[in-house]
Amino acid sequence: MNTLFLVVVVIQVLAALAIIGLVLLQHGKGADMGAAFGSGASGSLFGATGSSNFLSKSTAVAAGIFFVATLGLTFIGNHHVSQSGGVMDNLQAPAVPAQQAAPAAPAAPADAAKPADQSNQIPK
């Protein structure tokens with residue numbers, strides 16, 4: 001999926017650069033506007049319309065490719081394939097330490113003859 005995303009991004013960047021280049025190469029329709037206001041004769045205010053040359057058709061094709069690539073990136077970016085129900089399902093469970101066996105019975109004191117030393121005994 002990452003390869004497809006990368007290919008579509010490259011196509012989109014190339015289309016954007018083509019649009020920038022083609023627009024900069026074209027002759028602006030407002031270039032004759034100064035002629036309309038007294039310095040010459042012009043048929044219309046913004047030049048002739050209706051005829052399209054190779055550059056304008058190429059710009060339209062590049063714009064179409066750019067829009068399709070943008071829609072493709074939107075679809076790829078929002079199309080999440082989830083095999084589980086949520087984010088918490090993807091977490092790894094922490095390792096549970098093995099339970100140690102509890103001593104069966106407390107050992108009897110080794111020296112029961114010393115009743116005066118009761119520091120290790122629990123008071124009742």
Side-chain angles (χ1 to χ4, degrees):
M1 199 64 144
N2 290 332
T3 305
L4 179 63
F5 184 78
L6 182 64
V7 168
V8 175
V9 167
V10 168
I11 290 171
Q12 185 180 28
V13 168
L14 290 176
L17 292 175
I19 290 171
I20 291 170
L22 289 169
V23 167
L24 289 176
L25 286 175
Q26 291 180 21
H27 179 63
K29 291 183 180 180
D32 295 329
M33 193 165 76
F37 293 111
S39 67
S42 179
S44 67
L45 183 62
F46 293 108
T49 58
S51 64
S52 61
N53 57 7
F54 175 73
L55 289 177
S56 62
K57 288 181 183 178
S58 299
T59 305
V61 169
I65 292 171
F66 181 81
F67 290 138
V68 169
T70 302
L71 291 174
L73 284 176
T74 304
F75 178 73
I76 292 170
N78 289 334
H79 186 63
H80 299 291
V81 178
S82 62
Q83 297 173 353
S84 62
V87 176
M88 297 300 288
D89 293 339
N90 295 332
L91 292 176
Q92 295 178 354
V96 178
Q99 294 180 358
Q100 297 177 354
D111 191 12
K114 292 184 180 179
D117 185 24
Q118 299 179 354
S119 62
N120 63 352
Q121 294 181 0
I122 300 173
K124 294 182 182 177

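Quick note: numbers below take in every heavy atom, side chains included, and nothing from hydrogens, waters or symmetry partners. No experiment lies behind these values; they were computed from the predicted model shown.
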Residues 63-74 side chain polar contacts: donor-acceptor under 3.5 Å, at least two apart:
from, atom 1, to, atom 2, distance (Å)
Thr70, OG1, Gln12, NE2, 2.7
Thr70, OG1, Phe66, O, 2.8
Thr74, OG1, Thr70, O, 2.9

Starting from Val10, walk the hydrophobic network (Ile, Leu, Val, Met, Phe, Trp, Tyr; side-chain heavy atoms closer than 4.5 Å) and list everyone else you reach, by chain and number.
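Val10 shares its hydrophobic cluster with Leu14.
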Residue pair Ser56 / Asn53, side-chain heavy-atom distance below 4.5 Å
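A side-chain contact exists here, since the closest heavy-atom pair is under 4.5 Å.
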Nearest heavy-atom neighbours spanning Ala62 and Ala15:
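Between these two residues, the closest heavy atoms are O-CB, 3.8 Å.
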Kindly give the heavy-atom pair with the smallest separation between Val23 and Thr59, and that separation in Å.
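Nearest heavy atoms, Val23 then Thr59: CG2-CG2, 4.0 Å.
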Would you give the length of the straight line joining atom CG of Leu24 to atom CD of Gln26, rounded to the nearest 0.5 angstrom?
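Those atoms lie 9.5 Å apart.
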